[in-house]
Amino acid sequence: MFVLSSSLARVLTVVGTLLAFLLPATSADASSPLRTHAAARGKFIGAALATGPLANESAYRTIAATEFNQITAENAMKWDATEPNQNQFNFSGADAIVNFATQNNQEVHGHTLVWHSQTPGWVQGLSASAMRSAMQNHISRVVGRYADNAAVVSWDVVNEVFDDNGGMRTSFWYNTLGQSFIADAFRAARAADSNARLCINDYNVEGINAKSTAMYNLVRSLRQQGVPVDCVGFQGHLAIQYGFPNDIQQNLQRFADLGVQVRITELDVRMQMPRDASKDATQATYYRNVVNACLAVTACAGVTIWGFTDKHSWVPDTFQGQGAALIYDQNYQPKPSYNAVHDALAGGTTTDNTPPTTPGTPVTGTVTSNSASVTWPASTDTGGSGLAGYNVYREQGATDPLLGQSTTNSITLTGLTPNTQYQVYVRARDGAGNLSGNSPTVAFTTQSGPGGGPCTATGTVQNQWSTGYVVQPVTVTNTGTSAISGWTVTFTLPAGHQLTGSWNASVSVSGQTVTARNAGYNGNLAPNASTSFGFQVSRPNGNTQTPSGYTCA
Ligand code: 9MR
């Protein structure tokens, strides 16, 4: 009888798993999730997961399962979680992550075995020989637990062993054991799992600099000594205010040329809050560039994002005033950075010709003399580039002016003309510039405002007799290029003349100066439009003078 050796069985299982996630279940199209596109390119796209939201939030689980084919435990496999007291192991969180990944056909990267942070005090106080034994025991137990698990394929064996200048970090590991703890840790991991890919991981090593060069020299030297370093992890905690490491591809390639696998292990791109469209766009470019760098390097296995939703991210807790570092917002809506990752993985070969759905009927909120808030049922976009925002137009016949743009399904329109009726409608636009159909319109009228504008007034004497006269019409014309919503005409009565009546205006007299303001119904004048009012005056018998000095404002 032919019996598979356990290690051969394991290899076959691993191969099967790899094929399952590398081969797309369906061919990728614009609406496919990230993992489908990544698999089609032979890469993984991953996310670090936290056990709390994984247990408690279905939106978190759904996106984690749907979009990613690789998972890293954000905290659950660290020493303080797995061995809080010496030889008392707790794998509840780690198992939850591994089980989730197994159910969803995802590979797991173990993070992390030997680190200066999140390591219990009992380890830090040990003597050199006890610390070395404790480290080897920890690695053996943690790696050993998942050695036969097909989902768990790689480990961060040592994490962040360099300082930022390229020297060795003077951690308790280094201070107690010297640099030898690194090689010992890799050997212990290999002994615990002969198949897992063993990585060294660090931050600020994405570009070519003193720290990444120190890492490069260490990896080369360890491999020359036969230490089983298979892989280098570049964390990728970036910030848009500090610039992009433009030599990232070149850097990945120089490590690849040492014969190791490379991977982006903890990508996030933070910004100074608050978010805005321009920062989002810069962030999206950073994400796109990182993914493209990995795609361009054959030995780059994939990209893991450090979380996926801004709802759960380490950034705001660590960097005051910064955040929004991930590809979904707090409400699990994909951001421009999601589209950037998606489009990069899709190879830019997908062209989005599908416009978003037409927005629903808008409704108005607060309307003032020069502003109006408008809200509408949102659109969706399935074309791949994602919903970018909305344009709000005024219905005006042949060419409808654009009144404003919004990235959300509401807007406060400003700069409106007082006492004016507007009919507005909304069109959604996607990241590729496709515009949806027009929503139904909503009508509103702005309130009366102070009005005013360039205008002229001319009075015509219609009828006169020896003791009086009628001026009709006093023609008021809007001579400006925009509508006005009110006017004030002043003129002077000759000495001894008295106003005895007026119509179509609200008139007051001070000395011989008459001030006529528009009535409620004739204040609005479009450019070049006119209206009129009239008045009657009595004068001394035989006086033939009439008013003069008509001015309009
Ligand atoms: O995201 C992790 C956060 O929840 C923890 O509080 C923190 C503790 O140090 O570790 C964070 O993850 C780190 C990762 O393990 C190693 N590289 C840097 C990550 C961000 O600090």
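Atoms within a ligand are numbered from 1 in the order they appear, just like the ligands themselves. These figures come from a predicted structure and were not determined experimentally. What you see below is based on every heavy atom in this structure, not just the backbone, and it leaves out hydrogens, waters and symmetry mates.
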Short N or O distance, N75 and ligand 1, threshold 3.5 Å exclusive: yes
Atom 7 (C) of ligand 1 - nearest protein heavy atom and its distance: Q118 OE1, 3.6 Å
Pair Q330, D310: side-chain N/O donor-acceptor within cut-off below 3.5 Å: no
Any donor-acceptor N/O pair, D163 side chain to N165 backbone, under 3.5 Å: yes
Check: H312/E57 side-chain N/O donor and acceptor closer than 3.5 Å: yes
Donor-acceptor side-chain pairing of E74 and T72 below 3.5 angstrom: no
Test of proximity, Q235 against ligand 1: N or O pairs below 3.5 Å: yes
Pair S221-Q225, side-chain donor/acceptor within less than 3.5 Å: yes
Top protein contact for atom 19 (C) of ligand 1, by heavy-atom distance: E266 OE1, 3.3 Å
Protein heavy-atom partner closest to atom 10 (O) of ligand 1 - residue, atom, separation in Å: K78 NZ, 3.1 Å
Ligand 1 contact on Y203 by region, counting heavy-atom pairs under 4.0 Å: neither
S117: numbered ligand 1 atoms lying under 4.0 Å from its heavy atoms: 9 (O)
Polar contact flag for E160 and ligand 1 (N/O pairs, less than 3.5 Å): yes
Distance-only polar pair, side chains of T170 and N175, donor-acceptor under 3.5 Å: no
Distance filter under 4.0 Å to N159 heavy atoms, resulting ligand 1 atoms: 16 (C)
Pair D381 + R429, salt bridge at N-O below 4.0 Å: no
T318 contact mode with ligand 1 (heavy-atom cut-off under 4.0 Å): neither
Which residue and heavy atom of the protein sit nearest atom 1 (O) of ligand 1, plus the separation: E74 OE2, 2.4 Å
Charged tip of R61 within 45° of F100 ring normal and under 6.0 Å: no
